[in-house]
Amino acid sequence: MSQSRKATIGWLVVFIFGAVGLAWNAFSQPRGFGMRYVTDSTTTYYEVKVSPPIGSIPKKPKDGEGAVAPKDRLVWVSSDSPDLEKSNVTRTSAEPISVTRTSSVPPIAAWAAAENGGKGPTGATYRFSVADTIGVWIAAFFTLAIFSFLWGDNPVYKFAESVVIGVSAAYWMVVAFWSTLVPKLAVPIAPIAMQWAVPGVDEERKVSVVLAVIPAILGVMLLFRLSSKLGWVSSWPLAFVVGTTAAIRLIAHVQADFLAQISNSMVPFVVSTNGRFDWGASLGNVVLVTGLLSVIVYFFFSLEHKGAVGKVARFGVWFLMIAFGAAFAFTVMGRITLLSERLEFLFNDWLWLIDPKGDHTVTTIVSNAAGLLATVF
Amino acid sequence: MKSTVPTLIATIVGVVLIVAFFVPATQSWSETAVDWFNILAGVAFILGGGNLIKVQLETISSRRPGWGYALVILVSFAIMLTVGLLKIGVPPAEQYPNHPWSGEYDAPASAFGWIFENVYNPLTSTMFALLAFYVASAAFRAFRAKNIEAMLLLGTAFIVLLGNTAIARLTDGIPDSLSFLRLDQVVANTMSYITTGAFRAITIGIAIGVAATALRVLLGIDRPYLGRT
């Protein structure tokens, strides 16, 4: 039998096993699987006028001439806010606004609530969510699509790979837009015009227009990188980025990775704990400093690694090998943890195969299967 | 002009940042420069997105092999970008219910949060999880205890892996006077002293390398920003 045929049969067995498992789960689990629940909470907000407390001291602006008396402020507060009861707070005639927020609920909590009339511990009603249920199935599909690469490169994997490229590029663009470009670029240039996106921002411009516009100009120049003729224009902002990075890295590495590491390595060779010689810590410190110096000698290429230098360098290599072995072990453990998380997602969040409540019994399987057959025939 | 101005910009901004580190009165210069750097980093993501669109459109228009996947990239990119920029499904912030756009763009209940949770997160974490198989496979094929160095590497990896599992509990019976022989203690001491010493030396070496490279850039000896132009 050829190797590929063996692999095909092997995967066929795995998929049949998986399908049987799914069927088993569907029959044995009284509540099915792969469903998500959510809870909605609606909050009503009122616009209120907050008057300054009696006897408030007029505030003097930093660069202004005269002191300014505190003014009334218009703010929105939720209907359950204790601020509504305060004497200096009065409701305005503005229409109240109701906002509904949705949050996910673990299936077990939703089932427990269903047994108690559908009410959760806070009185919120849990409901089945179509969007989140579709989401968990899509997440399961993509998880299996990526795992399918273990079989070999295939169209399903390539599809998932293409999705991750497109989604991650857009994700980082959106993050950069809302977390950097809007607050650091658009708001300083036009604080009032940006109130729709960043309400409550100080309406007075904190920096001069020139200082606010320079990074915008540099940003536009950076986009010229896409042009084949005017690509050189982008070298100006790139030079700014490279110069900034070089300076920040220079300071950070010299401070944290050079001086601080040397400072932390000045450890005593004789350690006493509670007045007694602590041979463990003393030996540890000797090993630490010996390892540090011998590895540095190994990386010092201005001297030929011969004689005493060669022996110390070889000793340094042993330390490096131990360090790399430990790093390898932690890398493997990290990957295994991720793998177990994905398997936990598949078996717990999606298939609900993990059965802490003991719902999977022979009786439930038989009764569910009988119920299904009765429905079909 | 094409090479002199960029060199001057890199040198001046670098020197300003270094001066700002030592002179408290110029601290705000550093903050401004870092803000500008962050803005340019943000624009760089837009540049990356633009480049992605350009390359994929070229692939589709010339009907190169795999152009269908380029289409998938563009569609998924467009959907994620649209829902993220338009904050679709984002509830307004608590303090500003009258501003529909005031909520966090990555709110879990939003369309952007939904795609992150059900598409982006499973895809990326599964890709990293997949490496577990390849790391194990590569290690099985490449690691051979042929000499002392290889034995040290393999032995340490084995001990550290065992020490972080339940098997380490088998050595709990070792008396307190010899507690350093317990597997979890062996791992802790290896990490605290041997590994720390070795990695500290590597870190010091990296710092010297970074400082030298940064100085070369700031002095205009290396000019990577000129690139292909």
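Order of the sequence lines fixes the chain letters, A, B, ..., with proteins taken first and strands second; residue numbering starts at 1 for each chain.
Taking chain A as the reference chain and counting heavy-atom pairs below 4.5 Å, the highest number among B:M191, B:M151, B:R216 is found for B:M191. By number of non-hydrogen pairs under 4.5 angstrom with chain B, the leading residue of A:V220, A:L238, A:V287, A:L181 is A:L181. In terms of non-hydrogen atom pairs under 4.5 Å with chain A, the most contact-rich of B:V119, B:T196, B:V217, B:L52 is B:V119. If you tally non-hydrogen atom pairs under 4.5 Å between each of A:V295, A:I251, A:N285 and chain B, the highest count goes to A:I251. Listed options B:T124, B:T7, B:T190, B:N164 were ranked by heavy-atom pairs under 4.5 angstrom with chain A; first place goes to B:N164.
With ring centers used as reference points, A:W279 lies under 6.0 Å from B:F180.
Contacts of B:W29 classified as ring pair (Phe, Tyr, Trp, His ring centres under 6.0 Å), with partners at least two apart in sequence or in another chain: none. Taking B:F116 as the reference, A:Y171, B:Y120 meet the ring pair (Phe, Tyr, Trp, His ring centres under 6.0 Å) condition, with sequence neighbours excluded.
Note that B:K87 lies in the cation-pi zone of A:W178, set by a 6.0 Å cut-off to the ring centre and a 45° limit from the axis.
Of all heavy-atom pairs between A:L226 and B:K54, the closest is O-NZ, 3.2 Å. Considering all non-hydrogen atoms of both residues, B:F199 and A:A327 come closest at CZ-CB, 4.0 Å.
Between the side chains of A:E161 and B:Y69, no donor N or O sits under 3.5 Å from an acceptor N or O.
Looking at A:L211, both its backbone and its side chain come within 4.5 Å of chain B, counting heavy atoms on both sides.
In this pair, A:W172 and B:F45 present their aromatic rings parallel. The plane angle is below 30°, not in the 30 to 60° band.
Looking at B:S125 and A:E341, their side chains never come closer than 4.5 Å, going by heavy atoms from C-beta outward.
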